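All values derive from a computational prediction rather than experimental measurement. Naming convention: chains lettered A, B, ... in sequence-line order (proteins, then strands); numbering from 1 in each chain.
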There are 2 protein chains.
Amino acid sequence: MDRQVQKWGGVVLTAKGAATRQRIVEGMSALVREHGAAATTLDDVRARTTTSKSQIFHYFPGGKEELLLEVARYEADRVLLDQEPYLSALTSWQAWRDWRDQVVRRYREVGVHCPLGVLITELGRKTPAAQALTGQLLEQWQDRLRTGVVSMQEGGHIDPGLDADRIAAWLLAAVQGGVTLLLSTGRVDHLEAALDTSLAMLRGTGVTPRWRDPESDVASMR
Amino acid sequence: MDRQVQKWGGVVLTAKGAATRQRIVEGMSALVREHGAAATTLDDVRARTTTSKSQIFHYFPGGKEELLLEVARYEADRVLLDQEPYLSALTSWQAWRDWRDQVVRRYREVGVHCPLGVLITELGRKTPAAQALTGQLLEQWQDRLRTGVVSMQEGGHIDPGLDADRIAAWLLAAVQGGVTLLLSTGRVDHLEAALDTSLAMLRGTGVTPRWRDPESDVASMR
């Protein structure tokens, strides 16, 4: 970022300006992770990032609402990045299992202050910009799952007659449901049940009916 | 409720008092359904229910937070009631389909202002009382699904080797995920994909591998 001049929403920033702006976004992101979006004030952000209120409003004239949207954008990028390298290469059951472990690990770590929860619940219903952002994230996420399902169908591991996009929507809902229940209960077991059961069922659509195959995933479901 | 004297949290209310209190809860519930919890003020409640601010604080000394919890309690009861008579009698695939239709219909109607969304997201992470309420609702919900799964296992329609409680957790996550995505996208298709796919997969664990059985649910998945 050194010596570069960056543009943000039409405004040209110096390298130092861009770094300050980024520091504010990351500081707010950390606060939202710790305390939730509602409980985080611009005063907290100012103190955390050693900036002034006038600096914050210089970069984010729209104040908290605008800053929250920027944090959401930052977190949206991280949601998918945190699932790599698995999410983009779901070409074997081992890759699906690795992806499953990564997802569970991530949400166990972020716990009840899931930044995606902020995205979907705090912002999702409010502004068109936030809705577009959330919609785009979910679309990319579902698309990568769909690619993985197609790849497994081509390899003969998943019933090729299934609608891959609908299966991807179902898997995305399983993750979201598990996370929603984690936010509510503080426990990760619904997320685990959601992912494990879905993957075992999906695997069961392959050539051998899984409950007749002692080698299959079904052992972990019993 | 006529002529009865009711107790609420240790306070004895006359029939008229109880009716006023209930009118406030139902009015707030309607406002939350229309505008969301954050956007609903006590002034809105006062205007909607033709009560005074002092009446509201008489019944709910804790103000908006306390009233919101009471609305959550009211909505929690409705969440399960709205799934009856099917949720308590999931003893055939027809009953599961009727339940599925009822759930989709309900959430299509409440749309992006889902009162359960309010429960889980607005209150879930804040107060112990709200968390207890949400936890209890989810537990009852999962328990009824579990009873349904056991009944289907006993009838030979679902693989009896599966852990019924884990299957119920998986189904609950499917509903929650579908609803979370509905809140985010405004569309009901993830909820439909989540329920249809889960039920078809579950049905597939029965005696005949479902993708080999032209009579099975799988036709709707293709």
Side-chain angles (χ1 to χ4, degrees), chain A residues 36 38-39 112-113 117 119-126 131 134-135 137-139 142 159 161-163 165-181 183-186 189-198 200-202 204-206 208-212 218 221-222, chain B residues 36 38-39 112-113 117 119-126 131 134-135 137-139 142 159 161-163 165-181 183-186 189-198 200-202 204-206 208-212 218 221-222:
Chain A
V112 296
H113 299 299
L119 267 174
I120 289 191
T121 63
E122 286 285 326
L123 289 165
R125 283 166 280 179
K126 284 179 191 172
Q131 279 182 329
T134 313
L137 165 64
L138 295 171
E139 208 173 292
Q142 184 168 327
D159 177 359
L162 296 176
D163 178 334
D165 194 51
R166 206 166 156 85
I167 294 295
W170 169 67
L171 289 169
L172 185 60
V175 176
Q176 299 304 316
V179 171
T180 299
L181 289 162
L183 294 181
S184 170
T185 63
D189 49 344
H190 285 96
L191 179 59
E192 289 180 324
L195 282 172
D196 292 346
T197 307
S198 294
M201 293 278 184
L202 200 52
T205 70
T208 311
R210 100 200 158 295
W211 54 278
R212 281 182 182 149
V218 82
M221 294 172 64
R222 284 174 188 262
Chain B
V112 295
H113 299 298
L119 268 171
I120 289 192
T121 64
E122 288 284 326
L123 290 164
R125 285 166 279 179
K126 285 180 191 170
Q131 280 183 328
T134 313
L137 165 63
L138 295 172
E139 208 173 293
Q142 185 168 329
D159 177 0
L162 297 176
D163 178 334
D165 194 49
R166 206 164 156 85
I167 294 294
W170 170 67
L171 289 170
L172 185 59
V175 176
Q176 298 304 316
V179 171
T180 299
L181 289 162
L183 293 182
S184 171
T185 63
D189 48 344
H190 286 96
L191 179 60
E192 290 181 324
L195 283 172
D196 291 346
T197 307
S198 294
M201 293 278 185
L202 200 51
T205 71
T208 310
R210 97 200 161 298
W211 55 278
R212 283 184 181 149
V218 81
M221 293 173 64
R222 287 176 188 258

With side-chain contact (heavy atoms from CB on, under 4.5 Å) as the criterion, how do A/Met201 and B/Leu162 come out once you've worked through the C-alpha distance, each side chain's angles and the decisive distance to 0.1 Å?
CA-CA 11 Å; A/Met201 293 278 184; B/Leu162 297 176; 4.3 Å; yes
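- When the salt bridge (Lys or Arg N to Asp or Glu O under 4.0 Å) test is applied to A/Asp189, the partners found at least two apart in sequence or on another chain are A/Arg187.
- Annotation: the span from B/Thr134 atom OG1 to A/Leu183 atom CG amounts to 11.5 Å, rounded to 0.5 Å.
- Neither the backbone nor the side chain of B/Leu191 comes within contact range of chain A; no heavy atom of the residue lies under 4.5 Å from a heavy atom of that chain.
- Heavy-atom minimum distance, B/Ser198 versus A/Trp170: OG-NE1, 2.9 Å.
- Residues forming a side-chain hydrogen bond (donor to acceptor under 3.5 Å, both in side chains) with B/Glu192 (at least two apart in sequence, or on another chain): B/Arg108.
- Taking all atoms of both residues into account, the shortest heavy-atom contact from B/Ala173 to A/Gly178 is CB-N, 4.0 Å.
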Carefully, step by step, assess B/Thr185 and A/Glu139 under the rule side-chain contact (heavy atoms from CB on, under 4.5 Å).
CA-CA 10 Å; B/Thr185 63; A/Glu139 208 173 292; over 6 Å; no
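- In this structure, a donor-acceptor pair under 3.5 Å is present between the side chains of B/Gln142 and A/His190.
- To the nearest 0.5 Å, the span separating CG on A/Leu181 from CD on B/Gln176 amounts to 5.0 Å.
- Nearest approach of B/Arg166 to A/Asp196, heavy atoms of both residues: NH2-OD2, 2.7 Å.
- A/Leu171 does not touch chain B: none of its heavy atoms, backbone or side chain, sits under 4.5 Å away.
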